[in-house]
Visitor: 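The following block contains the structure, expressed as structure tokens.
Here the structure is a predicted model, which means the values were calculated and not measured.
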Amino acid sequence: MPAALYLVATPIGNLEDITVRALRILKDEVDRIACEDTRHSRKLLDHYNIDKPLISYHDHNERERGEELLDRLRNGERIALISDAGTPLISDPGYRLAAAAAEEGIPVIPIPGPSALLTALCASGLPTDAFIFGGFLPPKQGQRRKTLESWAESPATLVFYEAPHRILDALDDVDFTLGDRPVVLARELTKMHEEFLRGTAKTVKEQLKTANTRGEMVLLIGRGEATVKDDRPLPEAVAEAIANGMERMEAIKHIARQRGLSKREVYQAVTP
Ligand code: SAM
């Protein structure tokens, strides 16, 4: 059989969430399985009696290990790439390898299955017709607010992966930049403690303060439809946004969007 790189999706929690095809490929079709953490993946593979040579491929050795895997593919090996959970390449390593293989004409074969992104989106109750997946939000407040602001006007549901130790700060920034939009926090998907917290950034944060903030989570934000009801004079609203850390032009843009006004209107109202 000719060489191929299989991108195989694996469970995001519940071990039953793996396709019959994925199991066949991992068991019978490949020479080797590349995975992020060999000990972690061994548990899944043992569960399904799959005994194949494993090779580690993660963020820190992606470059040199990628070269080695590419050489193996050139020499006719069939290799499966899996990640610790879900679909490889989705906020996980593999992009470089898949791109290099495709460029060399080596078949790249997707074996679809779970991903936290679509699992969360479908059950969130938020519109699914258009969405933006932003991966992990930046860890620093300034960058995070900029990222949220940059998608503020997109007519799409926003989906992010977030770490438990950053979620309260992220919700503060969602509230600050996007206001009272519907927010859903999808936690521990497909696991025993799966739950969906629904509300606005403020009320979801309140719910989290009383629950624990551990576990894996996906943050979803509904598209901006309503403009914010705020009848304070524009200079006051802009001054508050600046006091909260925005640059002047950023604050003008932010208030313009909240009020459904043009940037020019707000700029003129706050410029003596
Ligand atoms: N490749 C994976 C996928 O297809 O979903 C994502 C890998 S990324 C490194 C890990 C992040 O995905 C977690 O921090 C969390 O935000 C999200 N995630 C993964 N499994 C999850 C689950 N069972 N419930 C909620 N979020 C999950």
Side-chain angles (χ1 to χ4, degrees), residues 1-104 106-120 133 135-136 160-164 186-192 194 214-218:
M1 276 192 282
L5 174 65
Y6 291 92
L7 308 176
V8 182
T10 57
I12 57 170
N14 189 320
L15 287 188
E16 291 178 4
D17 292 332
I18 187 160
T19 67
V20 174
R21 185 175 175 216
L23 291 175
R24 181 176 57 76
I25 298 291
L26 293 172
K27 204 173 207 153
D28 303 330
E29 304 276 325
V30 296
D31 302 301
R32 194 173 303 275
I33 299 172
C35 57
E36 291 183 86
D37 176 345
T38 51
R39 280 203 305 188
H40 177 94
S41 292
R42 183 66 72 194
K43 285 186 200 142
L44 171 76
L45 299 170
D46 282 352
H47 183 82
Y48 286 105
N49 295 319
I50 295 167
D51 185 20
K52 280 284 156 78
L54 298 186
I55 182 166
S56 79
Y57 175 75
H58 48 69
D59 281 338
H60 304 294
N61 70 3
E62 199 176 344
R63 239 171 238 280
E64 74 269 28
R65 207 30 80 73
E67 267 311 311
E68 180 187 334
L69 289 169
L70 207 51
D71 267 344
R72 289 181 178 278
L73 289 164
R74 288 184 192 119
N75 291 331
E77 273 197 28
R78 297 161 72 78
I79 295 175
L81 175 65
I82 63 176
S83 52
D84 281 352
T87 300
L89 279 77
I90 301 300
S91 294
D92 268 335
Y95 163 71
R96 272 195 202 129
L97 179 60
E103 188 148 320
E104 295 202 18
I106 297 164
V108 178
I109 303 174
I111 310 296
S115 177
L117 149 68
L118 291 183
T119 307
F133 174 56
F136 282 96
F160 299 101
Y161 288 161
E162 190 48 283
R187 290 209 293 183
E188 295 287 87
L189 292 162
T190 77
K191 302 185 198 175
M192 196 191 301
E194 173 180 279
R214 284 179 303 176
E216 299 196 278
M217 48 189 74
V218 183

Visitor: Grab the two heavy atoms, one from L73 and one from A3, that are nearest each other, plus how far apart they are.
Guide: O-CB, 3.2 Å

Visitor: By the salt bridge (Lys or Arg N to Asp or Glu O under 4.0 Å) test, which pairs, at least two apart or in different chains, include something from residues 34-51?
Guide: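 Qualifying pairs, neighbours excluded: none.
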
Visitor: How would you list, by chain and number, every residue that makes a side chain to side chain contact (heavy atoms under 4.5 Å, CB included) with P164, sequence neighbours excluded?
Guide: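 So P164 forms a side chain to side chain contact (heavy atoms under 4.5 Å, CB included) with M217.
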
Visitor: In chain order, what residues pass the ring pair (Phe, Tyr, Trp, His ring centres under 6.0 Å) check against Y161, with sequence neighbours excluded?
Guide: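 Checked Y161 against ring pair (Phe, Tyr, Trp, His ring centres under 6.0 Å); matches are F133, F136.
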
Visitor: Output all residues satisfying side chain to side chain contact (heavy atoms under 4.5 Å, CB included) with L118, sequence neighbours left out; order by chain, then residue number.
Guide: L121, F131

Visitor: A9: which residues meet the side chain to side chain contact (heavy atoms under 4.5 Å, CB included) condition with it, sequence neighbours left out?
Guide: T87, P114

Visitor: Would you say CD of E16 has more than 12 non-hydrogen atoms from neighbouring residues, nucleotides or ligands within 6.0 angstrom?
Guide: no

Visitor: With A163, which residues qualify under side chain to side chain contact (heavy atoms under 4.5 Å, CB included), at least two apart?
Guide: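 With sequence neighbours excluded, A163 shows a side chain to side chain contact (heavy atoms under 4.5 Å, CB included) to H165, R166, given in chain and number order.
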
Visitor: Once salt bridge (charged side-chain N to carboxylate O under 4.0 Å, His left out) is applied, do any residues pair with R72, and if so which ones, sequence neighbours excluded?
Guide: E68, E77

Visitor: Going by side chain to side chain donor-acceptor pair (under 3.5 Å), name the residues that satisfy it together with T190, two or more places apart in sequence or in a different chain.
Guide: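 Side chain to side chain donor-acceptor pair (under 3.5 Å) list for T190, sorted by chain: empty.
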
Visitor: Checking side-chain contact (heavy atoms from CB on, under 4.5 Å) between I82 and each of V8, I18, I111, L54, which is the one that passes?
Guide: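 Passing option: V8.
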
Visitor: Specify the closest pair of heavy atoms between A34 and L69, including all atoms of both residues, with the distance to one decimal.
Guide: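 Of all heavy-atom pairs spanning A34 and L69, the closest is CB-CD1, 4.0 Å.
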
Visitor: Run the side-chain donor-acceptor check on residues 20-31: report pairs under 3.5 Å with partners two or more places apart or on a different chain.
Guide:
{"from": "R24", "atom 1": "NH1", "to": "E29", "atom 2": "OE2", "distance (Å)": "3.1"}
{"from": "K27", "atom 1": "NZ", "to": "Y48", "atom 2": "O", "distance (Å)": "3.2"}
{"from": "D31", "atom 1": "OD2", "to": "R78", "atom 2": "N", "distance (Å)": "2.6"}

Visitor: Can you name the residues that form a side chain to side chain donor-acceptor pair (under 3.5 Å) with D92, not counting sequence neighbours?
Guide: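 With sequence neighbours excluded, D92 shows a side chain to side chain donor-acceptor pair (under 3.5 Å) to S83, given in chain and number order.
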
